[in-house]
Amino acid sequence: MLTVKFIEENIDYVIERLAVKRFKGEEIIDNIIDLDKKRRQIQNQNDNIQASLNTIAKEVGLLFKAGKTAEADAAKLKTAQLKDESKQLTTEQEETEQKLKALLLQVPNIPHISVPSGNGADDNLLVRSGGKMPTLASDAVPHWDLAKKYDIIDFELGNKLTGAGFPVYIGKGSKLQRALINFFLDEGEKSGYKEYMVPLMVNEDSGYGTGQLPDKEGQMYHATLDNLYLIPTAEVPVTNIWRDVIVNASELPIKATAYTPCFRREAGSYGKDVRGLNRLHQFDKVEVVQIQHPTKSYETLEEMVNHVENLVKKLELPYRIVKLCGGDMGFTSALTYDFEVYAAAQQRWLEVSSVSNFESFQANRLKLRYKDDADKKPNLAHTLNGSALALPRIVAALLENNQTPNGIIIPEILRPYTRFDVID
RNA sequence: GGAGAAAUGGCAGAGUGGUCGAUUGCGGCAGUCUUGAAAACUGUUGAACCUUUGCGGGUUCCAGGGGUUCGAAUCCCUUUUUCUCCGCCA
């Protein structure tokens, strides 16, 4: 959520940059500014009334103490009308604030100045690529066939237990999951991230804090009986640790990592996109989150990109990093880099990580602030996060790219974790 | 799930209807003393919003929400959480 203050001070810039995200801002921005003006007016009036009520209450107290009951009773009478007025103004103020908030929630984050305009994936900028493209035998098959051949992932069984998109990992398939999770967490620790294990269900407040609610409500599984949501990413519980928190500037950056399963309803997905491990309702992911001082958040974004790049390099996967254009970016992000790895049998690039700087957009919703010695007032911090990494598509690429007549070769770096070299 | 008790500032802990945004202690910050540090002493120490060029002034906030009252941290209702006992249980 942008702050009204920022919008008011940068109207033209806001409208211009929102257009990069294909968001038409003129009307809504006008309304926001009007509502805020109204809000201030009402509060001003109401504050004055409250102040006189407080004065009268004090007077009445003093009169009673002095034994002047008649005068006290007279003073009491004056309050009735003021209270009515105040009540009405309070209602009006609450309504105005609600409307204002509803509008603010509709405005996406401003894309960073370096973000190009564009409509979709085709307009993204290639930043760099790396890794070696594998050359596969002519009889190479996609990962869903390999999963069946070596009996390491059973999609039909998941179907029976739960439904489509909930695979069962078996034997070495299961061990490979564990190995990847531990490898990613260990790498995170080496880069200075503190490990957290967090609840997989969150309440409404947390959903609002990171921006899943209200706009992406349909994408989360909702346990209505207790009004809890299954997390779509560890970002939600981890970032919400710092909801309503004022941290000392000297504690920044705060670096946190967590492994969690992620649950996504993925309403509206279909076709070859959802084949095999390409898109699941439940998947495993290690997430990294940083809270940083506003002047340093873009350095931090680069640092996080390097961390993720290091992971895919160590796994010896062919990868590319793209900077998302305005049209392809998320609602809450100011700048996003996507990581894709190449799955050679499908001959497709699969997105495995998204690393974003949200600047103060999430922090404003979270009321996550830092306090500087130089500055008396707390300021909004910047939040960043990235997948490091999401497992299923990494597994898909590993299986497809490393397939040989003798089985699937495990990358060197993972072998201490899997304690086997080959899936056969 | 049942019965009872509780929730106050960064922490501990007073306050049971009137000048209480809240005594006090610890912690934090600044100063005095000291070559420096510690100790001691002195001062200071929350957030949001409105208003003011500024100094300042005002409003709200004592777990959340609602109510009673001229006036609520204090009384009432309700939700949540914590603790104790009972029940169930990995």
Side-chain angles (χ1 to χ4, degrees), chain A residues 1-9 32-104 197-209 213 223-229 237 240-252 254 291 360 362-381:
Chain A
M1 192 164 71
L2 298 174
T3 62
V4 179
K5 197 173 174 220
F6 179 82
I7 294 174
E8 266 174 358
E9 286 168 0
I32 285 170
I33 288 168
D34 284 349
L35 278 172
D36 189 56
K37 223 175 258 172
K38 190 177 166 193
R39 190 199 106 249
R40 290 208 302 265
Q41 262 172 19
I42 296 169
Q43 182 176 342
N44 211 340
Q45 286 175 45
N46 202 6
D47 280 358
N48 289 334
I49 293 174
Q50 289 291 341
S52 20
L53 281 170
N54 286 343
T55 313
I56 292 171
K58 275 178 193 167
E59 281 169 10
V60 171
L62 290 173
L63 289 170
F64 270 126
K65 246 178 207 166
K68 298 175 180 168
T69 353
E71 285 177 49
D73 284 337
K76 275 193 204 178
L77 294 174
K78 289 194 285 186
T79 61
Q81 196 194 338
L82 287 174
K83 273 168 85 175
D84 275 354
E85 280 175 41
S86 167
K87 205 169 185 177
Q88 207 179 324
L89 284 170
T90 305
T91 316
E92 222 175 303
Q93 190 175 342
E94 277 165 6
E95 278 170 12
T96 312
E97 276 166 13
Q98 253 172 37
K99 277 186 207 161
L100 181 61
K101 186 155 188 205
L103 288 183
L104 282 170
M197 193 171 266
V198 291
L200 306 183
M201 299 184 101
V202 292
N203 59 28
E204 239 174 319
D205 284 347
S206 295
Y208 277 98
L213 296 174
T224 51
L225 198 57
D226 295 296
N227 198 22
L228 296 173
Y229 293 86
N240 271 282
I241 291 172
W242 289 275
R243 167 155 51 84
D244 294 319
V245 170
I246 300 174
V247 297
N248 206 308
S250 61
E251 294 167 49
L252 299 174
I254 293 168
I291 297 163
S360 60
Q362 278 186 337
N364 188 30
R365 281 203 194 184
L366 291 160
K367 296 206 179 67
L368 161 53
R369 291 163 292 173
Y370 68 92
K371 206 168 185 176
D372 227 321
D373 289 340
D375 227 336
K376 271 187 187 166
K377 289 214 132 202
N379 293 303
L380 291 174

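Per chain, numbering begins at 1; letters A, B, ... match sequence-line order. In what follows, every heavy atom counts, from backbone to side chain, and hydrogens, waters and symmetry copies are set aside.
B:C70 and B:U19: their C1' atoms are spaced 15 Å apart (whole Å). Using C1' as the reference atom, B:A38 and B:A22 are 33 Å apart when rounded to the nearest Å. Rounded to a whole angstrom, the distance from the P atom of B:C61 to that of B:G67 is 13 Å.
Between B:A47 and A:Arg369, no contact under 4.0 Å exists linking OP1 or OP2 to a side-chain N or O. Residue A:Arg39 places at least one side-chain N or O under 4.0 Å from the OP1 or OP2 atom of B:C50. Checking the phosphate oxygens (OP1, OP2) of B:U51, a side-chain nitrogen or oxygen of A:Arg40 falls inside 4.0 Å. For B:A47, neither phosphate oxygen OP1 nor OP2 lies less than 4.0 angstrom from any side-chain nitrogen or oxygen of A:Lys367. Residue A:Gln41 has no polar side-chain atom (N or O) positioned under 4.0 Å from OP1 or OP2 of B:C50. For the pair A:Asn54 and B:U60, the criterion of a side-chain N or O lying under 4.0 Å from OP1 or OP2 is met.
One can place OH of A:Tyr370 at 19 Å from P of B:G46, the figure rounded to the nearest angstrom. To the nearest angstrom, P of B:U69 lies 16 Å from CD1 of A:Ile56. At whole-Å resolution of the value, CD1 in A:Ile246 and C1' in B:C61 are 13 Å apart.
Ionic pairing of A:Asp34 and A:Lys38 is not present here: no N-O contact between side-chain nitrogen and carboxylate oxygen is shorter than 4.0 angstrom.
Set against B:U59, B:G71, B:A47, the side chain of A:Gln43 has B:U59 as its closest nucleotide. Ranking B:C50, B:A48, B:C70 by closeness to the A:Asp47 side chain, first place goes to B:C50. When distances are taken from the side chain of A:Lys58 to each of B:C50, B:U19, B:C70, the shortest belongs to B:U19. Closest to the A:Lys377 side chain, of the nucleotides B:U19, B:C49, B:G71, is B:C49.
Using a 4.0 Å heavy-atom criterion, one finds that A:Lys78 contacts no nucleic acid atom at all. A:Gln50 comes within 4.0 angstrom of the backbone, heavy atoms only, and of no base.
Within the 3.5 Å criterion, the main-chain N or O of A:Glu92 finds a donor-acceptor partner in the side chain of A:Thr96.
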